[in-house]
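Step one of this worksheet: look at the structure below.
Chain letters run A, B, ... following the sequence lines, proteins first and then strands; every chain starts at 1. Keep in mind it's a predicted model, so treat the numbers as computed, not measured.
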Protein chains: 2
Amino acid sequence: MKFLIFTYFGVVHLLSLCSGKSIYKNGISKRTFQEIKEEIASYGDIAKAIINLAVYGKAQNRSYERLALLVDTVGPRLSGSKNLEKAIQIMYQNLQRDGLENVHLEPVRIPHWERGEESAVMLEPRTHKIAMLGLGSSIRTPPEGITAEVLVVTSFDELQRRASEARGKIVVYNQPYVNYSKTVQYRTQGAVEAAKVGALASLIRSVASFSIYSPHTGIQEYQDGVPKIPTACITVEDAEMMSRMAARGIKIVIQLKMVEKTYPDADSFNTVAEITGSKYPEQVVLVSGHLDSWDVGQGAMDDGGGVFISWEALSLIKDLGLRPKRTLRLVLWTAEEQGGIGAFQYYQLHKVNVSNYSLVMESDAGTFLPTGLQFTGSEKARAIMEEVMSLLQPLNITQVLSHGEGTDINFWIQAGVPGASLLDDLYKYFFFHHSYGDTMTVMDPKQMNVAAAVWAVVSYVVADMEEMLPRS
Amino acid sequence: MKFLIFTYFGVVHLLSLCSGKSIYKNGISKRTFQEIKEEIASYGDIAKAIINLAVYGKAQNRSYERLALLVDTVGPRLSGSKNLEKAIQIMYQNLQRDGLENVHLEPVRIPHWERGEESAVMLEPRTHKIAMLGLGSSIRTPPEGITAEVLVVTSFDELQRRASEARGKIVVYNQPYVNYSKTVQYRTQGAVEAAKVGALASLIRSVASFSIYSPHTGIQEYQDGVPKIPTACITVEDAEMMSRMAARGIKIVIQLKMVEKTYPDADSFNTVAEITGSKYPEQVVLVSGHLDSWDVGQGAMDDGGGVFISWEALSLIKDLGLRPKRTLRLVLWTAEEQGGIGAFQYYQLHKVNVSNYSLVMESDAGTFLPTGLQFTGSEKARAIMEEVMSLLQPLNITQVLSHGEGTDINFWIQAGVPGASLLDDLYKYFFFHHSYGDTMTVMDPKQMNVAAAVWAVVSYVVADMEEMLPRS
Ligand SMILES: [Zn+2]
Ligand SMILES: [Zn+2]
């Protein structure tokens with residue numbers, strides 16, 4: 001298969017190689033946009049070959065099958081856990097066996113917080129076991145737990161207005177779900193705000209757009225000078241029930257027990273593999289997802305899908321016998337969920353080379369049916385990306401939207417490197433995010449095929465064009 | 001409000017009273033269908049008054065608020081539990097305080113099975129805590145649990161073909177969800193079929209059309225002459241994962257521990273209230289839902305909604321100062337989930353009166369936005385029901401479909417009594433059914449208003465028409 005396709009499409013590839021010459025000097029292109037358009041259009045047959053292989057050919061369902069094997073074998077992959085390190089070792093072997101180049105691990109020190117035995121029981125007005133998950137970095141409770149009356153609020157504003165009622169209580173936030181970036185403030189800041197007004201603990205309504213009694217965990221952040229209090233997420237259902245009870249004037253008492261523990265930082269790695277560039281090997285198009293996950297479910301959606309379509313992009317390009325002019329670098333980040341720890345370390349190590357990064361790509365918002373590419377970069381770069389995405393006309397996925405971003409690529413974007421993230425059908429994403437429901441059952445092999453094809457076409461063409469993407 | 005509406009609509013009502021006379025003898029009507037049509041059409045203003053009160057007036061959201069108060073206060077209501085008996089006592093008081101007539105409790109002996117500590121842990125190929133719920137009536141495991149290799153099958157057919165592999169194993173059923181009535185066979189019969197081929201226990205993929213890692217419990221049935229083995233439901237996610245592992249040839253070992261217990265039958269009650277008929281008080285239109293639930297979640301959807309729109313139907317009629325010619329009887333069944341135990345007892349007690357039941361109604365398939373009425377009865381009765389439903393034109397809910405049924409009314413339907421059940425938007429019903437997700441969060445006050453209006457119009461008009469519904 002590899003040889004046949006190489007022979008067939010090699011013609012196109014070689015033609016494209018011959019027609020270009022390096023006229024990119026000091027970051028200023030002398031080429032007209034029409035010339036660039038024509039260059040991109042010449043990748044039409046390669047784009048079709050990638051799509052055919054990924055969506056209809058021998059590679060279909062491969063990223064799904066590879067992902068299923070990893071997450072079924074390892075399970076969830078929390079920062080600092082043995083599972084994460086096992087997954088890194090397996091991926092290292094996977095990438096080597098796949099024949100990728102320069103496969104290596106880059107050391108990172110990462111946080112090591114562990115969930116222990118934990119429970120929340122409503123004692124008044126009736127006995128009710130409350131489903132909960134401690135939030136990442138939360139401290140433990142005293143061994144006997146914290147037993148206290150509940151103050152239910154629906155916003156930080158309400159907490160401020162009722163600050164005098166909060167002392168000695170457990171604050172329950174029943175904030176409505178607006179969107180992730182707005183609502184997640186309650187998860188990250190809820191404990192700090194509750195502690196500022198004297199609360200003993202805080203329970204946050206899960207940041208979820210839909211619930212079947214599922215708690216959704218995630219990181220939370222203490223603040224210097226503010227007492228640390230234990231904090232956990234509860235379900236939408238229980239937050240709403242306690243809100244109704246409180247509105248009826250019913251006294252609610254909860255006993256919260258958590259035996260979470262923070263250990264010294266652990267050794268981990270960003271996992272790297274490449275297809276080395278044929279002409280400008282020092283120049284890089286970076287394709288990525290994060291290998292760590294939360295400690296519930298399988299981390300299949302967040303961000304197994306992103307990891308495996310990123311690997312698949314390189315596999316597809318390699319299987320077609322293609323080698324772009326610039327280096328295609330796959331990075332599987334570690335400890336994204338703890339605040340992009342692996343990505344920060346990578347940036348520190350490689351930022352000296354920032355001028356050689358043409359494009360940084362991350363998929364960390366699902367690999368459902370893609371709707372387009374989110375992009376951050378100069379207007380000229382955006383115009384080029386629109387031409388590149390027009391190569392995906394056969395899949396009817398050609399949109400270039402704004403706000404290309406990702407925890408792991410934002411360091412580069414802030415340094416001026418163009419950045420792209422996959423935008424897909426997010427309808428169900430926050431049904432499962434950071435919950436026990438983030439499993440292979442959520443994933444769709446056909447949708448992953450399409451996502452991988454988009455990822456491969458974009459990364460290959462940008463890596464192979466004669467010039468790097470222009471910056472502002 | 002009550003007085004004003006009575007004055008306003010009393011005219012219509014009295015007119016309808018005067019225009020009819022009893023020409024129904026020996027079950028044979030001498031009236032033409034045109035006369036019946038005109039009689040039903042005369043209820044147009046009453047139907048509008050009911051709709052206005054329920055959907056736009058002072059009664060709006062009442063059934064939702066009443067339901068929330070009960071299920072928040074009591075929680076789930078398993079057959080034989082203290083919660084169920086508490087709920088019955090509260091409802092008895094509620095119905096009395098509402099001013100309904102002949103409020104009373106009819107004794108029933110009901111099963112008393114209790115969930116104990118229970119767990120399923122995957123030991124091989126990796127340690128994984130499997131979410132599970134023992135199925136109703138399941139026996140316990142030995143104290144040390146049952147530790148055995150897993151045989152995954154996707155159907156009873158596959159189990160038969162692989163019968164020789166089942167001995168000494170834990171059978172895991174990963175049957176696809178087709179529809180409830182087909183797929184639920186695995187829950188009810190899975191243990192028996194597994195035991196027949198020598199399995200030690202069976203784990204059933206939850207009967208759910210969608211999952212966020214939620215197990216869905218329910219009743220299961222042992223069979224005389226077949227060894228009883230412990231049986232539980234697991235999530236769609238874990239059933240699918242084990243199916244994938246088995247397909248890869250991986251050996252799976254599970255340790256199952258269950259401390260469920262069956263006690264002697266307990267005392268319970270069907271809860272009854274009436275609006276006594278003005279002209280034919282011995283004749284009955286029965287309106288019903290079941291008060292018991294499973295022991296997880298709040299039993300808000302199954303069948304709190306059915307109970308509370310049924311009560312609401314009588315409340316609306318009473319609040320409008322209406323009193324139909326025949327008796328409107330509200331019955332809140334006990335122990336439906338154990339196989340219609342309360343309904344069977346009620347039938348035994350009242351079947352002598354079967355010829356006086358004009359219509360039996362049950363809502364036990366959700367109180368989401370109604371799409372129409374499911375009806376079982378003679379063609380003549382169906383034609384009449386179509387006219388009655390045309391009164392709901394203002395809500396655009398006029399369909400009369402086939403298959404009126406319900407565990408609690410089927411005894412009557414089989415004895416020839418016309419039966420009606422509420423059909424509503426079932427899209428999400430089996431997301432939540434018998435799971436921790438069956439809570440008030442699922443319920444929509446506006447949808448309950450509409451369901452209650454449909455329920456009230458149908459029950460009132462059929463109870464007030466000059467003639468009983470004709471039988472075959
Ligand atoms: Zn992520
Ligand atoms: Zn039911």
Next on the checklist: Is Leu69(A) close to chain B through its backbone or its side chain, or both, or neither, when contacts mean heavy atoms under 4.5 Å?
Outcome noted: both
Checklist entry - Under a 4.5 Å heavy-atom cut-off, does chain B meet the side chain of Lys86(A), its backbone, both or neither? => result neither
Item to check | Contact origin within Glu237(A) toward chain B - heavy atom pairs under 4.5 Å | outcome: both
Checklist entry - Which heavy atom in Ile212(A) sits nearest to a heavy atom in Phe210(B), and how many Å separate them? => result CD1-CD2, 3.9 Å
Checklist outcome for this item: Per-residue tally against chain A (heavy atom, under 4.5 Å) across Pro125(B), Ala68(B), Ser214(B) peaks at Ala68(B)
Item to check | Interface moiety of Val442(A) toward chain B, non-hydrogen atoms closer than 4.5 Å | outcome: neither
Checklist entry - In terms of heavy-atom proximity below 4.5 Å to chain B, should Ser211(A) be classed as side chain, backbone, both, or neither? => result backbone
Item to check | Contact class of Thr127(A) relative to chain B, heavy atoms under 4.5 angstrom | outcome: neither
Checklist entry - When heavy-atom pairs shorter than 4.5 Å are enumerated against chain A, which of His128(B), Lys129(B), Arg244(B), Met242(B) gives the highest number? => result Arg244(B)
Checklist entry - In terms of heavy-atom proximity below 4.5 Å to chain B, should Val71(A) be classed as side chain, backbone, both, or neither? => result backbone
Next on the checklist: With a 3.5 Å distance limit and no angle check, can you tell me whether Arg126(B) reaches the backbone of Asp72(A) through a side-chain donor-acceptor pair?
Outcome noted: yes
Next on the checklist: Counting only non-hydrogen atoms closer than 4.5 Å, does Thr73(B) touch chain A with its backbone (N, CA, C, O), its side chain (CB onward), both, or neither?
Outcome noted: backbone
